[in-house]
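Following: one structure in structure tokens, then a few remarks.
Computed from a predicted structure; not experimentally measured.
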Amino acid sequence: MSHQTVIILDFGGQYNQLIARRVRECGVYCEVRPYTTPLDALRAMDPIGIIFTGGPNSVYLETSPRVDPDIFTWGVPILGICYGCQLMAHTLGGRVVAATEDSAREYGKTETYFDTACRLFKGLPAQGITWMSHGDYMEKVPQGFALTARSGACPNVAIADEARGFYGVQYHPEVNHTQHGTDMIRNFLYEVCGAVGDWSMSGYKETAVRSLREKIGKGKVLLALSGGVDSSVAAALLAEAVGPQLTCVFVDHGLMRLGEGDEVEAAFSQWDISFVRSNAEELFLTKLAGVAEPEAKRKIIGEEFIRVFEAEAKKIGRVDYLVQGTIYPDVIESGAGDAAVIKSHHNVGGLPACVDFKEIVEPLRLLFKDEVRQLGRELALPEYLVSRQPFPGPGLAVRCIGEITKEKLDTLRLADFIFRDEIAKAGLEKTMDQYFAVLTNMRSVGVQGDGRTYDYTLALRSVTTTDFMTADWTRIPYEVLDRVSVRIVNEVPHINRIVYDITSKPPATIEWE
């Protein structure tokens, strides 16, 4: 089954994958491609529309990302966002310059006024808040373009050449801070591009199952099963696609939460699949001994994962494919195109250069976390698996700052359990999207039992988010934090101080390492 397709041309901006998520929410299939993709390859996708993303560069610099002007001759509607808007103006004969006055620069929430006669703003309020982030200014817009939105500081917040279907906005409609931003994207898709909304998660499931069957054929498949949402959904997808050809291997690396290894085995050993539990705690802790640098930890864990899979595969016999539950945020944070590497994920940037499999298959790598959960429901996975708390592939290794020892891991496991237990008792699980404890490498003086202590500081972290690309810290009630703190310092050895992380993403990441 083919779908109408929108191409999102990636110029290295911070929110690029959110654009893809918004397009999909509108029922339209899209793919993100780097701006360096040859035009022939883009044209072969037969897009109904193209979106230029934001980016950190200035279009007038020689080293900045460019686009072949021929793309504007295809007769395909184009929406430029932030850098994409300025790139469109610059390429089509306008002039973009560095703002020399604060009045021309705009950052953050901005009151904006719209021309609702423009198809981009059809049916929307004539006034609202947009999220700005630009230091350059369109001093001259190209011929044929009209000004369709303005702010108090900027007369050309949005431009449009409706005859050719070209639109540009200086702000970011894809972020939640922009009021009716998704409606603007929907207007571009349906009012301008003529979308019919032929993409859904049920359709994605059918396409993915068919594609996996074609790729794998009669080959044998090994799946890295952690018991988290991503690998569980990947397992269900592969089970439907190739059934008895699938073996799921759960590597218990000793970096799981309290009792989690047994829970995973209990849940998945009941499935009609081949399930193998590999107890490799001693191996991983030996490899990680003395290692404190976060990226080094991730790469060690990534390589050992692969080596353990290879060893298990040899026991099973010939295995052709390794399946991983990599999702879009993993790919983006590990670096893609002009995007910066935030941190390598053990199942992306942490892979060794040589693996003993024909190919690594990542059927979820184009999906966001909420889309993965939707797919899980389409596959009839039980809700307790679909809605499970996210857990990083490297496990507690990236929640234990500094060098890792079994003693420190056991301390963190118990403290983390108490935090999650009190959140559950307070009925707050569904008000936050990820919450956990972090054992810092900092020690401080305390007093317990009338005696001086010198023990670890434990940090608590909780965030709310819709996409895990951006996140806000959770306002947990003080009385709940108080109960958590009292229990931990009384029940967990070697911790005498509790702090709560109130940093959003950005500037922080969700995990500490």
Side-chain angles (χ1 to χ4, degrees), residues 2-37 41-42 45-56 65 67 76-85 87 131 167 169 171-178 181-190 192-193 195 197-201 203-205 207-208 230 233 325-340 342 345 348 362-375 465-471 505:
S2 61
H3 304 280
Q4 290 182 321
T5 300
V6 167
I7 295 172
I8 298 173
L9 213 54
D10 184 354
F11 290 93
Q14 180 180 2
Y15 305 120
N16 293 349
Q17 308 314 315
L18 288 181
I19 303 172
R21 186 171 175 274
R22 300 298 180 238
V23 172
R24 293 174 189 174
E25 285 176 353
C26 294
V28 179
Y29 181 70
C30 66
E31 292 189 18
V32 180
R33 296 297 174 93
Y35 73 91
T36 53
T37 305
L42 297 178
M45 296 171 66
D46 192 24
I48 63 168
I50 299 170
I51 298 177
F52 293 169
T53 73
V67 64
V76 176
I78 298 175
L79 170 63
I81 295 175
C82 198
Y83 179 87
C85 171
L87 179 64
W131 184 259
Y167 298 82
V169 295
Y171 55 88
H172 289 272
E174 70 273 22
V175 301
N176 289 329
H177 297 308
T178 295
T182 300
D183 293 325
M184 297 171 193
I185 292 174
R186 182 179 291 108
N187 277 348
F188 175 71
L189 298 172
Y190 287 88
V192 180
C193 300
D198 61 1
W199 188 83
S200 65
M201 193 52 67
Y204 181 87
K205 183 194 81 170
T207 301
D230 305 332
V233 172
T326 307
I327 65 174
Y328 232 154
D330 298 340
V331 176
I332 301 311
E333 291 196 340
S334 294
D338 282 7
I342 298 171
H345 288 256
V348 185
E362 298 172 318
L364 310 180
R365 71 179 288 118
L366 293 179
L367 299 182
F368 292 96
K369 180 70 74 174
D370 58 327
E371 293 176 316
V372 173
R373 296 187 197 279
Q374 291 174 35
L375 180 58
T465 178
T466 57
D467 46 53
F468 288 84
M469 296 297 291
T470 61
K505 175 187 178 179

Any donor and acceptor pair, going by atom type alone, linking the side chain of [X] with main-chain N or O of [Y] inside 3.5 Å?
X    : Y    : result
T5   : P47  : no
D230 : V372 : no
T53  : F11  : yes

**Request:** Any chance you could lay out the side-chain contact (heavy atoms from CB on, under 4.5 Å) test for I7 and T37, step after step, and finish with the verdict?
**Result:** CA-CA 11 Å; I7 295 172; T37 305; over 6 Å; no
To the closest 0.5 Å, what do you measure between [atom1] ([X]) and [atom2] ([Y])?
X    : Y    : atom1 : atom2 : value
Y29  : M45  : OH    : CE    : 7.0 Å
T465 : K369 : OG1   : NZ    : 11.0 Å
L375 : Y204 : CG    : OH    : 7.0 Å
Y35  : D10  : OH    : CG    : 9.5 Å
L9   : T36  : CG    : OG1   : 8.5 Å
E174 : T470 : CD    : OG1   : 10.0 Å

Which heavy-atom pair separates [X] from [Y] by the least distance, and what is that distance?
X   : Y    : answer
C82 : G54  : CB-CA, 4.2 Å
C26 : T182 : SG-CG2, 4.0 Å
G12 : P56  : O-CD, 3.4 Å

Any side-chain heavy-atom pair from [X] and [Y] closer than 4.5 angstrom?
X    : Y    : result
C30  : W199 : no
I48  : V6   : yes
M184 : L79  : no
R24  : L366 : yes

**Asked** So among Y83, W131, Y15, which one has a ring-ring contact (aromatic ring centres under 6.0 Å, His included) with H172?
**Response**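 Answer to the ring-ring contact (aromatic ring centres under 6.0 Å, His included) test with H172 among Y83, W131, Y15: Y15.
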**Request:** Verify salt bridge (Lys or Arg N to Asp or Glu O under 4.0 Å) between D183 and R186, making sure each step is shown before the conclusion.
**Result:** CA-CA 5 Å; D183 293 325; R186 182 179 291 108; 2.8 Å; yes
**Asked** side-chain contact (heavy atoms from CB on, under 4.5 Å) with I81: which of L87, N16, V169, I8?
**Response**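 Of L87, N16, V169, I8, side-chain contact (heavy atoms from CB on, under 4.5 Å) with I81 is met by V169 alone.
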**Asked** Run the side-chain contact (heavy atoms from CB on, under 4.5 Å) check on I185 and E25 step by step: do they pass?
**Response** CA-CA 10 Å; I185 292 174; E25 285 176 353; over 6 Å; no
**Asked** Residues in ring pair (Phe, Tyr, Trp, His ring centres under 6.0 Å) with F188, at least two apart?
**Response**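 Listed in chain order: nothing, the list is empty.
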